[in-house]
Amino acid sequence: MTQVMFDLDVLRSFSTGMALGSYARAADRLGRSTSAVSAQLKKLEAQAGTALFRKAGRGLELTDAGQTMLAYAHRLLELNDEAAAAMRGADLQGWVRLGLQEDFGESLLPAVLGRFARAHPKVRVEASVARSADLRERLALGRLDLALAWDAGDSAAVRQGERVLEVPLQWIGMAGDPANRPAWWPTREQGGWRRGAEPLPLVLLDAPCPLREIATTALDRAGIAWRHAFSSASLAALWAAASAGLGLTLRTPIGVPATVQALDAKAQGLPALPSIALSLYRAQAQPEPPVALLADLLMQAMRQEQQQARKPAARRSA
């Protein structure tokens, strides 16, 4: 039986199309024609021996086999890119001081920094976790080379950083059996949170925090009473309080633990929330090679993280 050898160029087109939301845009990004990318996808399906896409309105969405293939494509491309980086930077030396928010500590620190350390063992990486304002301040003082931080619309921050992605905010509460929810949690018959109900308990990070302002402003505009039930400087403590049923919080889908879950705002009578931007800040416009390489790796990793955080099957136009 002939061994199937998947073409990395084909896998890159496949992965890029999913990441960009369109294979036409993927063709532009990769410098190929749309017909050439379509031919690559047909080749990939032939090699896989099963359908990877199905029609969804005017576009396409992945089948279960397609989701599996996408996960393997990411792994194969990461290994290929890691090998290429290692060959290019075998003698790369230097020091990178990276700051990032607590949301990314569990995913980025072991995955991205592990890959970077294996590819560039002579580069020393010093990573620290802090909140957005603190990270930007350290960057301005020359204590960091790179910072990955949320941007809640600060125009000065937008000018200084490179926007990586936009992520929707969501209301988050305890996970598990609905029968075990606390007394303050309204039943379906009550129609969710509404005007005149008991104040909604909130679990939030200590001020100053842009998400505190977003949460309370949205509730005030909706006429929903609220109260501070728990406050902490630690995101881990916030997750623990939310999972214990002390109140609701809001965050993006990235880094959410299994002990809590996103709520359907409309079904629960909660106000809709905006999206928040994630930006990568550099201390220098033209950073040293180790800093530039780690920045590129972080950008790629965060876009993949956003893809994996989407719960519905992603649809892509042909």
Side-chain angles (χ1 to χ4, degrees), residues 100-105 129-136 148-155 157-158 163 165-176 178 181-188 190-279 306 309-311:
L100 65 161
Q101 300 223 203
E102 202 171 350
D103 307 64
F104 314 116
V129 173
R131 295 168 68 177
S132 296
D134 189 20
L135 291 174
R136 286 194 285 265
L148 191 65
W150 297 115
D151 159 34
D154 183 333
S155 59
V158 172
R163 186 161 293 185
L165 46 85
E166 290 264 352
V167 191
L169 289 170
Q170 54 190 13
W171 294 104
I172 295 173
M174 65 183 297
R181 285 173 175 166
W184 56 262
W185 195 296
T187 64
R188 183 182 296 275
Q190 291 174 310
W193 285 277
R194 64 198 187 285
R195 296 174 186 271
E198 288 296 316
L200 172 65
L202 296 179
V203 172
L204 300 170
L205 292 178
D206 291 340
C209 172
L211 298 193
R212 290 174 68 99
E213 299 300 322
I214 291 173
T216 55
T217 299
L219 292 170
D220 287 342
R221 287 176 177 170
I224 297 174
W226 54 270
R227 62 181 176 85
H228 287 299
F230 182 89
S231 182
S232 173
S234 165
L235 182 58
L238 182 148
W239 292 136
S243 66
L246 298 187
L248 298 188
T249 188
L250 76 163
R251 213 70 192 172
T252 74
I254 296 174
V256 176
T259 53
V260 295
Q261 63 181 350
L263 304 179
D264 184 329
K266 186 175 181 181
Q268 297 288 352
L270 292 165
L273 295 170
S275 293
I276 190 169
L278 179 68
S279 295
Q306 182 189 33
R310 294 171 182 163
K311 291 189 177 180

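Positions are given from 1 along the sequence.
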| query | Between CG of Asp151 and CD1 of Ile276, what distance do you get to the nearest 0.5 Å? | reply | 7.0 Å

| said: To check you understand the geometry: which heavy-atom pair defines the closest contact between Gln170 and Pro253, and what is its length? | reply: NE2-CA, 3.4 Å

| Judged by atom type as modelled, is there a donor-acceptor pair below 3.5 Å linking the side chain of Trp171 to the main-chain atoms of Pro271? | yes

| query | Mind checking whether Leu169 and Thr252 have side chains closer than 4.5 Å, heavy atoms only? | reply | yes

| Would a distance-only check, ignoring hydrogens and angles, find a side-chain to backbone donor-acceptor pair under 3.5 Å from Arg131 to Ala233? | no

| For residues 198-228, which residue pairs qualify under ring pair (Phe, Tyr, Trp, His ring centres under 6.0 Å), counting only residues two or more places apart or in two chains? | Trp226-His228

| task | Could you tell me whether the side chain of Leu211 reaches within less than 4.5 Å of the side chain of Leu204, counting heavy atoms only? | result | no

| field | Pairs meeting criterion salt bridge (charged side-chain N to carboxylate O under 4.0 Å, His left out) with involvement of residues 257-269, two or more places apart | value | none

Pairs of donor and acceptor atoms involving the side chains of residues 238-246, under 3.5 Å and at least two apart or interchain, shall be tabulated with distances.
{"unit_1": "Ser243", "atom_1": "OG", "unit_2": "Trp239", "atom_2": "O", "d": "3.1"}
{"unit_1": "Ser243", "atom_1": "OG", "unit_2": "Ala240", "atom_2": "O", "d": "2.9"}

| field | Inter- and intrachain pairs under salt bridge (charged side-chain N to carboxylate O under 4.0 Å, His left out), touching residues 251-260, at least two apart | value | Asp103-Arg251

| What is the minimum heavy-atom distance between Leu135 and Ala149, and which atoms define it? | CD1-CB, 4.0 Å

| Does Pro199 reach the side chain of Trp184, with side-chain heavy atoms less than 4.5 Å apart? | no

| message | In the structure I gave you, are the side-chain heavy atoms of Trp150 and Pro210 within less than 4.5 Å of one another anywhere? | response | no

| message | I'd like to know if the side chain of Thr249 and the backbone of Val203 have a donor-acceptor N/O pair within less than 3.5 Å. | response | yes

| said: Whether the side chain of Glu102 engages the backbone of Leu235 through a donor-acceptor N/O pair (distance < 3.5 Å, no angle test) should be reported. | reply: yes

| Are side-chain heavy atoms of Thr216 and Leu202 found at a separation under 4.5 Å? | yes

| field | 4.5 Å side-chain heavy-atom contact, Leu248 and Leu270 | value | yes

| request: Return the set of residues passing side-chain contact (heavy atoms from CB on, under 4.5 Å) with Ala237 (not counting sequence neighbours), or none when no residue passes. | output: Phe230, Ser232, Ser234

| Contacts of Ser132 that satisfy side-chain hydrogen bond (donor to acceptor under 3.5 Å, both in side chains) - sequence neighbours left out | Gln101

